[in-house]
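Proteins come first, then strands; the chains are lettered A, B, ... in the order of their sequence lines, and each starts at number 1. All of these numbers come straight from a predicted model, not from anything done at the bench.
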2 protein chains.
Amino acid sequence: MPTMPTMDERKSRVLQAIVDDYVATAEPVGSRTIARKYRLGVSPATIRNEMADLEELGYLEQPHTSAGRIPSDRGYRYYVDWLMEIKEATPEEQERLRRIFERKVWEFESLVRAAARALSDMTHLTGVVVGPQSEEARFREIRLVPLASDRALLVYITDTGFVENAVVDLPFEVTMVELQQISSLLTEHLRGQRVELMGRGALQALQRELGRYGRLLEQTLEFLSESIQPGERRRVYVSGVPYMLEQPEFRDVQKARAIFALLEQEAVLEEVLNLPESDTVQIQIGAEIKVEDLHDCSIISATYTAGDRTIGRVGVIGPRRMDYGRVVAMVDEVTRRLSGVLGRQRLVD
Amino acid sequence: MPTMPTMDERKSRVLQAIVDDYVATAEPVGSRTIARKYRLGVSPATIRNEMADLEELGYLEQPHTSAGRIPSDRGYRYYVDWLMEIKEATPEEQERLRRIFERKVWEFESLVRAAARALSDMTHLTGVVVGPQSEEARFREIRLVPLASDRALLVYITDTGFVENAVVDLPFEVTMVELQQISSLLTEHLRGQRVELMGRGALQALQRELGRYGRLLEQTLEFLSESIQPGERRRVYVSGVPYMLEQPEFRDVQKARAIFALLEQEAVLEEVLNLPESDTVQIQIGAEIKVEDLHDCSIISATYTAGDRTIGRVGVIGPRRMDYGRVVAMVDEVTRRLSGVLGRQRLVD
DNA sequence: GTTAGCACTCTCTCCCTGCAAGTGCTAATT
DNA sequence: AATTAGCACTTGCAGGGAGAGAGTGCTAAC
C-alpha cells in the first residue's frame with residue numbers, strides 16, 4: 001500500500017523556491033530551474049521526486065503534463081503561513097508614505113485616495129480602501145442650511161470626525177430662522193446617538209418629544225424620518241486597476257473584463273473585504289475569497305482604526321501570483337500610518 | 001489635370017452608410033455591403049467610385065489595400081456635423097434617469113456617481129462627470145469643530161451648496177469656546193468671498209483686521225493661511241471603464257492599458273474636458289482631443305449648471321467608432337436633468 | 001536515498017497554403 | 001457622360017503540419 005508523503009524541511013525549501021520563482025517569472029517552474037537558481041545541493045532528479053510528492057500533497061499543480069509546476073491555493077497558503085519573508089518598504093517608499101501622512105491639514109477622502117494610489121503604485125497591483133461605516137458613528141452636530149425657500153442642506157458631523165451632507169427638498173416653505181432653530185434642536189437631541197439608529201422610529205420618538213415646538217418642526221421631522229436612509233454609505237476607494245493589465249494572467253481581455261467589472265462594484269469589494277476583525281494583516285488566496293470571479297486572485301488587507309474604533313479596511317487585490325512578503329509589508333505599513341493619523345482624534349466635548 | 005472631386009448628395013449618403021455600418025459592425029465596410037444593406041439604388045461599382053472619391057477627400061481610410069473603408073476623423077466630423085440623427089433615449093432609459101434625479105433627499109457625490117454609471121450603462125462606454133470647482137464658489141459658512149485639544153475639523157459650505165471639510169492639526173491647544181468664536185468670526189468676515197481667494201493674502205488681511213481678538217485667533221489664522229491650498233479640489237467621477245474592454249478596438253491589452261491609466265488620472269480627464277463654455281453638447285473626435293494617447297477615442301460632453309452658474313461637465317469617452325447620435329442624446333439628457341436638480345438651489349440669505 | 005539517462009508528452013512557433021473579401025481598372029452598356 | 005459587369009490582383013486570416021524546446025516519469029546504476 002503506497003503511503004502518503006509527509007512535508008519535511010527539504011520539501012518546504014523546494015516549495016519556497018517554486019513560489020518565489022513563479023512569482024518572479026510567471027512561468028511554470030521546472031526541476032532544472034530550481035536546481036540551477038536555488039542552491040539546494042541536490043540534482044534535478046531529486047527535486048523532481050520532491051515535486052511529485054508536493055503535488056500529491058496538493059501544494060503544486062501542473063498546467064499540462066510536460067510543463068513545470070505552479071503553486072496551488074494550498075501551496076500559497078503554506079507559503080504565506082510558514083515560508084514567506086516579510087520585505088519591508090524601501091526608504092524611498094517610506095518617504096513617500098511619510099509625505100502623504102505628515103500633512104497638517106488634510107481631508108479624509110484625499111488621504112485615503114492617496115493611500116490607495118501609493119499602495120497600487122508600490123505593488124503594481126490594485127489598491128483598495130474601504131471607507132468608514134457611518135452607522136457605527138454617533139452624531140456630534142447637525143445643521144440645516146437654507147438653499148432655497150423649500151430646500152435645505154443637511155450637514156452632520158460624526159464623533160469620528162466625518163462630515164456627511166445631503167440636499168433636502170422640503171415639501172413646504174421654511175425660513176432661515178426656523179431652520180436654525182430646528183438645527184439646534186436636532187443637535188441637542190441627537191448628539192451622541194448612533195447615526196445608524198436615525199431611522200423612522202428614532203425620529204418619530206423625537207418628534208413626539210419635541211412636538212410642542214410647533215407644526216413646522218413636526219413636519220420637518222416627519223419628512224426627514226421618511227427620507228433619510230443611512231446605509232449604502234460605505235464608500236470604497238480603488239486605485240491602480242490598470243496595473244492588473246501588466247500581469248500576464250490578464251492578457252486575456254475577457255478574464256480582465258470580468259474582474260474589472262467587479263472592481264467597479266463597491267458592494268462586491270465591501271463584501272469581499274468584510275472579514276472578522278483582527279489586528280494583523282489578513283491574506284485571502286484564490287478560492288478562499290467569497291466571490292467566485294475572484295478565485296484567480298488574492299487579497300491582502302488589514303483594518304485601520306481611529307483610536308479604539310475600527311474605521312475600515314486597507315487592501316491590495318492582485319493575481320494569486322504576487323509577492324506576498326512585499327505586499328503584506330506595504331499593507332501593514334499603510335494601515336499603521338493611516339491609523340496613526342486618524343488615531344489622534346477623539347471625541348472632545 | 002485631374003480635378004478634386006466634390007461632396008454631393010450621393011457621396012454623403014454613402015459616407016453616412018459607411019459610418020453607420022462601421023459603428024454597428026466594427027468591420028471595414030466594402031462596396032458590396034453598402035449596396036446590399038443600404039438601398040442607394042446603385043451598383044457596388046458605382047459605390048466603389050464614390051468611395052475612392054471620399055477617400056481622396058479625406059473622409060475615409062483603408063486599413064490595407066484589400067479591406068473595406070473606415071471613416072477618418074474628418075469623416076466622423078462630417079458625419080456628426082451634417083448626417084447624424086439624434087436618437088432619443090428609450091422610455092426605459094428615461095425612467096431610469098428619472099428615478100435617479102427625482103429623489104427628495106440626495107447627496108451631490110452619490111448623484112453624480114449615479115449619473116456617470118447610468119451614462120456608462122446606457123452607452124456601454126465610459127461615463128465621466130467633472131465635479132464643481134470650489135474656486136468659483138463663495139463662502140457661505142465656516143465652522144471649526146474640536147476633535148482634540150490641538151485638532152479641529154474645518155467645515156465650510158459654499159453658496160452653491162457644496163460642503164468641504166478638512167482636519168486641521170493646530171500647533172497649539174485651543175478650547176471649544178475659542179473655536180466657536182473663531183468660527184463665527186471667520187463666517188462673518190469671509191461670507192460671500194470667493195473660496196479661490198482664501199490664500200495667504202486674504203487671510204493675512206483678515207488677520208490684521210481681527211488682530212484685536214487676541215493672539216490665539218491670530219495664530220489660527222496664520223496657520224490656516226499657510227495650510228489651506230484650494231485647487232486640486234476638482235474631483236472627477238468615472239464609471240464603466242470596463243465596458244471599453246467589450247470594444248474590439250481594445251482587445252489589444254497594451255492599447256487598453258495606456259488608456260485605462262489615463263482614465264485614472266483626474267488631472268488628465270479634467271484637462272481633456274476643459275472646453276470653452278457652450279450650451280450645446282460638444283463632440284471631440286480622435287486627434288481633436290488634446291491628449292495624444294486618446295487620439296483613438298472620441299469624447300462627447302456638455303456642461304451642467306446650478307441656476308446661472310456653470311458647475312462642471314458630463315461626458316462619455318469611448319472609441320471613435322461609437323453611436324454618436326445616441327450618445328449625444330444621452331449626454332444631453334443627463335446634463336439637463338442634472339442641471340434641473342441643481343438649478344433649483346440659489347443662495348438665500 | 002540519490003542521480004544519470006532516456007523515452008515520452010505536450011505546447012508553442014513558424015511557415016506554408018488556400019480561401020475569402022475587397023479593390024481598381026477596363027470595356028461594355030444605358 | 002454616367003453607370004455597371006467583369007476580371008485580375010492584393011491582402012489578411014484560418015488551418016495544418018513540422019520541428020524545437022521544455023519538462024516529466026521511470027528505470028537502473030551509484
- Heavy atoms of A:M244 and A:F250 approach each other most closely as O-CD1, 3.3 Å

- Heavy atoms only: give me the nearest B:K290-B:N274 pair and the separation to one decimal. NZ-O, 3.1 Å

- Is there a donor on the side chain of B:R48 or the base of D:dG6 sitting less than 3.5 Å from an acceptor on the other? yes

- Query: With a 3.5 Å cut-off and just heavy-atom distances, do the side chain of B:S66 and the base of D:dT10 make a donor-acceptor pair?
  - Reply: yes

- Taking only side-chain nitrogens and oxygens of B:R10, does any of them come within less than 4.0 Å of OP1 or OP2 of D:dT3? yes

- Return no unless some side-chain N or O of B:S43 is found under 4.0 Å from OP1 or OP2 of D:dT4. yes

Tell me the interatomic distance from [X], atom [atom1], to [N], atom [atom2], rounded to whole angstroms.
| X | N | atom1 | atom2 | result |
| --- | --- | --- | --- | --- |
| A:H64 | D:dG25 | NE2 | P | 12 Å |
| A:M51 | D:dG25 | CE | C1' | 12 Å |
| B:R251 | D:dC13 | CZ | P | 8 Å |
| B:N49 | D:dA1 | CG | P | 16 Å |
| A:I70 | D:dT24 | CD1 | C1' | 16 Å |
| A:E61 | D:dG23 | CD | P | 18 Å |
| A:R69 | C:dT11 | CZ | P | 15 Å |
| B:Q62 | C:dT23 | CD | C1' | 7 Å |

- Item | Test item: side-chain donor near acceptor, A:S120 and A:T126, under 3.5 Å | no

- Message: Regarding B:R69 and B:E55, does a basic nitrogen lie under 4.0 Å from an acidic carboxylate oxygen?
- Response: yes

- Message: Looking at A:E88 and A:R326, is any side-chain nitrogen of the basic one under 4.0 Å from a carboxylate oxygen of the acidic one?
- Response: no

- Nearest-nucleotide comparison on DNA chain D, the residue closer to the 5′ end among B:V42 and A:A52: B:V42

- Within residues 11-35 of chain B, those residues having any heavy atom closer than 4.0 Å to DNA chain D are none

- CA sep, side-chain torsions, deciding dist, call: A:R77, A:E288, salt bridge (charged side-chain N to carboxylate O under 4.0 Å, His left out): CA-CA 10 Å; A:R77 172 50 63 195; A:E288 296 169 13; 2.6 Å; yes

- With heavy atoms under 4.0 Å as the rule, sort B:A67 into base, sugar-phosphate or nothing. sugar-phosphate

- Distance in Å, B:M322 CE paired with B:H124 NE2, rounded so as to fall on 0.5 Å steps: 14.0 Å

